[in-house]
Amino acid sequence: EYRTLNGTYNNLRNPILSTTLARENPPVSFFSNSANFNNDFQSLPATPGNYSSLVPTNLASCSSSAQLPEDLYPLPRCVSNIIGSVRANLTDVYNLSTLEKFKSKRKISHISTFWGFFASFDLIAGDYSGDSYPTGIYIPQDDRSYLSSFSQGPNLAIDVASFQFQRSPSTSNLAGTNTATPFVDGSQLYGINLEQLLRVRDYGNRGKMLLISNNDSEDSKFGYPPKDINGEYIFGYTATKGRNLFTDTFYIIFLREHNRKCDQLWDIHGNNWSDDTYFQECRKWVIGLLQHISFYEYLGISLGSPLPSYDGYDPYLEPSIDTFFATVTYRYGHSEISDYYDIVNNQGNILTTLPLTSLQIPHLLESYGIPTLILSMALQRQEEIDIYIADMMRKFIAQYQNQTEEMDIFSLDVIRNRDHAIPLYNDAREAMGLRRASEWSDITNDTEVQQRLISAYSNDIDKVEAFFGGLAEDHVKGSDFGELLYKSFYDQWLSVRNSDRLWYESPDAEYSKEDIAEINNTTLSQVIKRNTPNTYQLPSNIWIVQPSTSLKSVSDLTIPNPNSINQLNTDSSKINDPLLFQSDYPPLNHVSISDTFKVHWKIVNNNEIYFRLTVASTSGWFAIGFSDQDSMITSDMIIFRNTNNNIEVRQYKSDGYITPELLNEQQVKVRNVDVKSGVYSLVEVSRPLEAKGSSLKPITENNLITMIYAWNPSNNIITYHAGNKGSMKMDFFASTKIDEMEDKKRKNLLYHGIGMFSVWAVRFMKTSGSYMKKHRNLQILGVFIVAVFGGIALAISEKYILTPHGM
Ligand code: HEM
Ligand SMILES: [Ca+2]
């Protein structure tokens with residue numbers, strides 16, 4: 001028996017599914033008397049100005065939330081600002097504990113983020129075509145004080161007075177409408193009706209899905225889906241807001257798997273099967289894999305262990321999605337999104353860093369190819385699931401079908417909770433059989449989180465809304481969720497499985513014993529491998545970032561220091577301004593690794609190279625190293641560490657992603673040290689250009705060598721260096737013969753810069769006059785973000801031919 005596309009006839013007692021989201025947990029009856037909340041099922045709970053821009057001046061700032069009258073709920077954007085904002089400072093870019101605070105404690109990778117997102121499309125597709133509130137999300141007067149100011153960040157200020165809001169269509173109990181099927185049945189790939197399937201199926205071709213090979217990259221040979229006139233992929237069903245190249249990656253892998261299966265079955269059944277039989281059999285196979293991967297890998301990661309093993313179909317369980325799960329729980333994903341994504345090559349070197357908004361640019365997926373994107377997700381930690389939301393989610397520029405719309409996803413979550421009449425946090429806990437929280441410490445032991453809830457809800461614990469209380473809870477041990485979200489998540493997935501008569505392990509679904517065994521033995525990694533070119537390696541576990549990149553602190557090691565600081569001949573009179581290069585360093589021989597870290601070099605007697613490193617910090621560490629391959633694998637490195645105004649210098653060897661090894665032979669000589677307490681550290685070292693038989697990489701004329709670097713100016717314990725790292729290709733001899741540099745090299749660099757830039761320039765030009773002015777301004781912002789990257793590449797290619805895009 002094959003599934004219908006829209007899920008009907010799955011439950012034989014009630015074959016026609018309802019499209020409303022269910023109110024199961026908490027139970028239906030509960031909503032009608034939830035503490036003063038939405039009890040007329042019509043209006044949204046009262047706020048200052050009642051979702052118009054007419055907010056009384058004395059309540060128009062978030063700082064007045066503490067004094068809100070009892071019958072008013074905070075403005076959605078104030079909940080987002082007070083509870084969700086990161087509020088990082090400029091200097092936090094270099095502060096390990098701040099960076100760590102927001103990252104996944106369990107080191108879960110972005111594979112989990114985007115798999116979860118992809119899987120959510122299969123279960124939830126809300127209909128938001130109800131009443132319109134043109135100024136529903138008011139932007140408070142003190143909005144700017146809740147925006148972060150990371151130095152390289154985009155301008156986050158919101159320059160409109162309000163965002164609009166569209167309610168769900170009114171139904172009897174405002175639970176909302178769902179247009180996806182409440183089963184893991186590949187709705188997102190195949191669509192939920194014939195019209196959607198018609199657009200994506202390759203009819204008459206052995207049951208395959210449409211995949212096109214449109215350039216000659218190895219990845220392209222596996223095929224990409226067809227595109228619409230705006231260059232966006234056509235899938236069975238796509239969430240219009242929030243589609244991005246990482247979730248697209250999973251769509252494409254499973255479409256390829258579908259076609260791979262068709263070829264495999266063709267070898268067995270040939271002309272004995274019809275086109276439709278092939279299609280249904282391959283769809284069934286893919287659905288089995290989606291079910292297995294979501295339930296065993298993804299749930300295993302999120303909950304800390306998979307659900308109890310399958311013990312059969314329950315015909316009395318109504319297939320449905322609980323509105324609490326759709327509106328509250330599963331939106332946990334909004335908390336794990338990062339602002340920036342490093343796109344890394346096979347060696348883990350950063351090719352570029354994409355801001356969140358750029359993940360929507362349609363053609364980028366094919367520029368990077370699936371292997372690069374998978375590796376990039378697997379090597380990057382997601383953000384912790386907590387109340388903190390990436391800045392770019394709170395100022396999100398949605399791009400779809402060549403239109404843009406600015407929104408705050410977290411404010412939308414607040415107001416959608418109210419739209420769907422979700423009970424308050426404590427009421428929801430009670431309805432789910434959990435204890436009400438009476439003290440703030442019942443929710444969390446984190447005092448900053450407590451404080452944020454207190455300020456947003458005027459110190460009234462019974463006023464806290466479910467989404468934020470839920471995200472604030474300390475996690476159930478080993479899982480990504482506090483008690484409330486854990487329970488909702490667990491119960492819903494269990495019911496998705498047990499209410500599905502055609503679950504792959506259920507006898508009605510008629511999967512062969514062999515197929516069930518094979519599905520049970522297949523991992524997401526394997527499905528990826530067999531549907532992508534065989535030219536790269538994935539870490540053994542793609543769900544958790546590993547192995548750890550932390551280094552041992554130098555002081556933990558006991559070997560004697562061959563370049564002891566005490567033996568230095570320090571001549572500080574020579575150094576007046578450390579940020580100016582000394583006259584004997586050729587003027588072009590320097591690069592700025594960041595505005596706090598500069599490197600100068602000179603070649604002496606044709607056999608030694610001197611490096612002068614200047615760092616605007618006296619309590620951190622910094623490092624440079626060299627690799628002759630385009631990778632961090634087997635590179636040498638010199639690590640400098642400043643402790644009490646002394647600088648230790650040590651030479652290491654690295655074998656990839658593992659902890660670098662401190663070497664016994666230390667060929668790097670310390671020539672000069674100058675530290676101005678609290679201001680800068682300067683250190684001059686030399687090493688042979690070539691040293692036979694040593695781990696030092698030879699630096700030779702007419703050869704580009706990759707210089708890698710990392711630093712942390714605010715902590716001298718050498719640990720994970722977060723974003724402060726990179727690499728650039730160098731020709732250390734080139735400054736004397738810049739004019740001789742082949743034009744070709746220069747052109748390549750220019751090309752890169754222009755390529756990055758045009759991504760947005762083209763989009764901007766497409767915005768025609770008929771489109772709203774506000775949106776055009778947003779496009780300019782987009783140009784600005786990428787122009788920074790493009791601009792760097794351009795500037796570098798003009799001025800320093802020796803330093804390509806190490807971004
Ligand atoms: C690229 C980052 C993301 C963006 C820009 C985004 C954007 C959005 C938007 C605009 C909405 C509709 C809000 C409303 O009007 O109520 C939404 C809903 C939702 N999001 Fe996200 N989201 C992102 C990531 C995620 C992730 C990673 C997950 C889960 C792991 C997730 C799960 C959901 C769910 C379950 C809903 C409700 C869907 C519905 O009712 O149709 N989102 N998201
Ligand atoms: Ca579905």
Side-chain angles (χ1 to χ4, degrees), residues 3-7 10 17 21 76 110-130 133 136-137 163-168 175-192 236-237 239-248 287 290-291 294 298 302 319 321 323-339 341 354-360 382-383 385 389-390 392-400 405-420 422 467 480 489 492 496 500 502:
R3 290 170 183 275
T4 57
L5 286 169
N6 62 8
N10 188 303
L17 287 170
L21 288 161
H110 270 311
I111 291 280
S112 178
T113 309
F114 293 101
W115 179 271
F117 201 10
F118 169 70
S120 81
F121 297 153
D122 202 342
L123 298 177
I124 307 165
D127 173 354
Y128 299 132
S129 60
Y133 285 60
I137 299 174
F163 292 141
Q164 68 116 26
F165 175 66
Q166 198 91 17
R167 291 192 69 175
S168 303
T177 297
N178 192 7
T179 61
T181 60
F183 306 112
V184 175
D185 57 358
S187 306
Q188 74 276 56
L189 298 175
Y190 303 106
I192 50 163
Y237 167 79
T240 54
K241 291 169 183 170
R243 69 146 288 279
N244 64 74
L245 50 80
F246 290 128
T247 48
D248 287 358
I287 290 170
L290 291 174
Q291 293 181 338
S294 277
Y298 166 63
S302 321
I321 297 294
T323 193
F324 192 88
F325 176 77
T327 318
V328 179
T329 311
Y330 211 161
R331 294 186 190 219
Y332 81 85
H334 295 165
S335 174
E336 58 190 358
I337 293 289
S338 303
D339 281 327
Y341 297 83
L354 296 175
L356 178 63
T357 305
S358 299
L359 301 185
Q360 302 167 98
Q382 63 171 207
E383 307 304 307
I385 290 153
I389 306 294
M392 291 187 201
M393 284 295 271
R394 301 199 319 110
K395 187 207 170 66
F396 187 69
I397 302 163
Q399 312 233 339
Y400 187 66
E405 187 184 346
E406 193 179 8
M407 53 179 74
D408 169 9
I409 312 288
F410 211 38
S411 289
L412 280 172
D413 291 333
V414 178
I415 193 168
R416 188 68 64 203
N417 266 242
R418 297 175 184 178
D419 177 34
H420 286 183
I422 296 296
F467 188 45
D480 272 350
F489 199 74
Q492 178 68 76
V496 164
D500 182 359
L502 302 174

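In each ligand, atom 1 is the first atom listed, and ligand 1 is the first ligand listed.
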Participant: Specify side chain, backbone, both or neither for Phe114, according to which of its non-hydrogen atoms lie closer than 4.0 Å to ligand 1.
Facilitator: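 The answer is neither.
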Participant: Ring centroid separation for Tyr341 and Phe246, is it under 6.0 angstrom?
Facilitator: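 Under 6.0 Å, so yes.
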Participant: What's the OG1-the Ca ion (ligand 2)-OD1 angle here (Thr181, Asp185), rounded to 10 degrees?
Facilitator: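 It rounds to 70°.
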Participant: Could you check, using the six-membered ring where one of them is a Trp, whether Phe118 and Phe114 have ring centers closer than 6.0 angstrom?
Facilitator: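 No, ring centres 6.0 Å or more apart.
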Participant: If you measure every N or O of Tyr298 against every N or O of ligand 1, does any of those distances drop under 3.5 Å?
Facilitator: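 Such a contact does not occur with ligand 1.
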Participant: Does an N or O anywhere in Gly126 fall below 3.5 Å from an N or O of ligand 1?
Facilitator: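 Looking only at distances, the answer is yes, because the N/O contact criterion of under 3.5 Å is met.
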Participant: Show the nearest heavy-atom pair for residues Leu17 and Gly7, with the distance to one decimal.
Facilitator: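 Looking at all heavy atoms of both residues, the closest pair is CD1-O, 3.5 Å.
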Participant: Tyr128 ring centre to Arg416 NZ or CZ under 6.0 Å, with the angle to the axis within 45°?
Facilitator: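 Satisfied, under 6.0 Å and within 45°.
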Participant: Counting only nitrogen or oxygen atoms and a 3.5 angstrom limit, does His334 reach ligand 1?
Facilitator: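 Yes.
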Participant: Angle at the Ca ion (ligand 2) between O of Phe183 and OG of Ser187, to 10°?
Facilitator: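 Output for this angle: 150°, rounded to tens.
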Participant: Could you tell me whether Ala398 approaches ligand 1 through its side chain, its backbone, both or neither, with non-hydrogen atoms closer than 4.0 Å?
Facilitator: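 It is neither part, as no heavy atom is under 4.0 Å.
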Participant: Considering Phe117, Phe165, Phe121, Phe325, which one's heavy-atom position lies nearest to atom 1 (C) of ligand 1?
Facilitator: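 Looking at heavy atoms only, Phe117 sits closest to atom 1 (C) of ligand 1.
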Participant: Output yes when the distance from some N or O of ligand 1 to some N or O of Tyr330 is under 3.5 Å, and no in every other case.
Facilitator: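 No, since none of the N or O atoms of Tyr330 sits under 3.5 Å from an N or O of ligand 1.
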Participant: If you measure from each non-hydrogen atom of Gln166 to ligand 1, which part falls under 4.0 Å: side chain, backbone, both or neither?
Facilitator: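 The answer is neither.
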